[in-house]
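The structure appears right after this line, and notes come after that.
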Amino acid sequence: MNIVVLDSETEIATRMTDEIQAVVTRKPEANLGVATGSSPLAVYRELGKRIQVGDLTLAKCQAFALDEYVGLPLGHPESYRQTLLREFVSRTDLNPDSLFTPNPHLEGKTLDEAAAAYDASIKAAGGVDYQILGIGSDGHIAFNEPGGTLDSRTHIGGLTEQTRRDNSRFFENNLDEVPTQCMTQGLGTIMEAAQIGLIAMGSGKAQAVKAMIEGPISPDCPASVLQNHPQVTVFLDRDAASLLG
Ligand code: F6R
């Protein structure tokens with residue numbers, strides 16, 4: 001793992017966007033793997049800036065989301081599809097039709113079938129060229145919570161109490177409003193991305209970051225599976241890096 005510790009969110013966003021720009025310059029029709037949550041927001045703003053000044057275009061790219069809540073009505077503003085349209089697509093020149101998200105509302109399919117179809121669609125598109133990741137305070141990536149298998153495919157999962165509490169800020173701090181289930185790319189799916197960049201900021205992530213980088217590869221810290229990936233950069237601020245030896 002390539003570990004990069006930087007002073008600010010702006011520097012982290014600049015460095016990750018540099019990596020994404022290099023991928024898209026080499027391959028204009030690249031498939032980007034996109035995350036929701038707070039960690040990648042500055043990257044989406046930085047991508048938007050570079051597109052505005054003509055340094056970059058995502059016009060030929062496709063984007064695949066990591067995960068989606070199960071149980072929110074179609075079009076709910078905090079669904080990951082709507083979040084990505086708002087925070088990512090609207091800031092860039094990606095065609096909105098080129099954003100793909102796990103779809104729990106797929107007509108004529110069970111949730112398990114919809115999950116398998118999403119997994120297959122990533123493969124059919126040729127796989128993800130650059131995957132943006134955050135990490136949960138319990139060590140999850142996408143919504144792969146501790147205790148699962150390290151080679152899972154896109155599946156229906158449950159959200160831990162800790163993750164639901166962490167995410168309740170998007171639901172007016174009302175825990176009852178936070179879904180208990182999700183459809184998420186599996187760890188095996190994520191590991192097939194050609195290149196991965198993970199962002200962690202703040203002391204609340206320090207324990208998970210230590211387990212990811214220095215701990216054993218174990219389902220107890222799902223992000224630790226990234227130790228087996230050949231091309232991962234972990235971008236940390238000083239607080240998130242504070243427990244590293
Ligand atoms: C989001 C996702 C999650 C987040 C993680 C960190 O699509 O898959 O794994 O990346 O929960 O969230 P933030 O960035 O809000 O701290």
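Note that ligands are numbered from 1 as they come in the structure, with each ligand's atoms numbered from 1 the same way. What you are looking at is a predicted structure, and each value in this text was computed from that prediction instead of being measured.
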Legend entry - Passing option when Pro102 is tested against Glu68, Gln185, His155 for side chain to side chain contact (heavy atoms under 4.5 Å, CB included): Glu68

Inset, instruction - Please determine if Ala142 has a nitrogen or oxygen closer than 3.5 Å to a nitrogen or oxygen of ligand 1. - result: yes

Legend entry - Polar proximity ligand 1 side, Tyr80 side, N/O cut 3.5 Å exclusive: no

Return the residue, atom name and 0.1 Å-rounded distance of the protein heavy atom closest to [atom].
atom: atom 1 (C) of ligand 1; answer: Thr36 OG1, 3.1 Å
atom: atom 14 (O) of ligand 1; answer: Ser39 OG, 2.5 Å
atom: atom 2 (C) of ligand 1; answer: Asp67 OD2, 3.3 Å
atom: atom 11 (O) of ligand 1; answer: His140 NE2, 2.7 Å

Inset, instruction - Quick one: look at Arg169 and ligand 1, take heavy-atom pairs under 4.0 Å, and tell me if it's side chain, backbone, both or neither. - result: side chain

Inset, instruction - For ligand 1, indicate whether the residue Ile135 contacts it via side chain, backbone, both or neither (heavy-atom separation under 4.0 Å). - result: backbone

Any side-chain donor-acceptor pair under 3.5 Å between [X] and [Y]?
X: Asn103; Y: His105; result: no
X: Asp239; Y: Ser203; result: no
X: Thr160; Y: Thr163; result: yes

Below 3.5 Å, can you tabulate the donor-acceptor pairs from side chains in residues 106-115 to any protein atom, sequence neighbours excluded?
unit_1, atom_1, unit_2, atom_2, d
Thr110, OG1, Glu113, N, 3.1
Glu113, OE1, Thr110, N, 3.0

Inset, instruction - With heavy atoms of Leu66 as the reference, note each atom of ligand 1 found under 4.0 Å away. - result: 8 (O)

Inset, instruction - Return yes when Lys205 approaches ligand 1 closer than 4.0 angstrom through a heavy atom, no otherwise. - result: yes

Inset, instruction - Kindly say whether Leu187 contributes a backbone atom to a donor-acceptor pair with the side chain of Ser152 at under 3.5 angstrom? - result: yes

Legend entry - Main-chain N/O of Ser38 paired to Glu87 side chain as donor or acceptor, under 3.5 Å: no

Inset, instruction - State which residues pass side-chain hydrogen bond (donor to acceptor under 3.5 Å, both in side chains) with Ser8; sequence neighbours excluded, sorted by chain then number. - result: Glu11

Inset, instruction - From the options Gly134, Ser38, Ser137, select the one whose nearest heavy atom is closest to atom 13 (P) of ligand 1. - result: Ser38

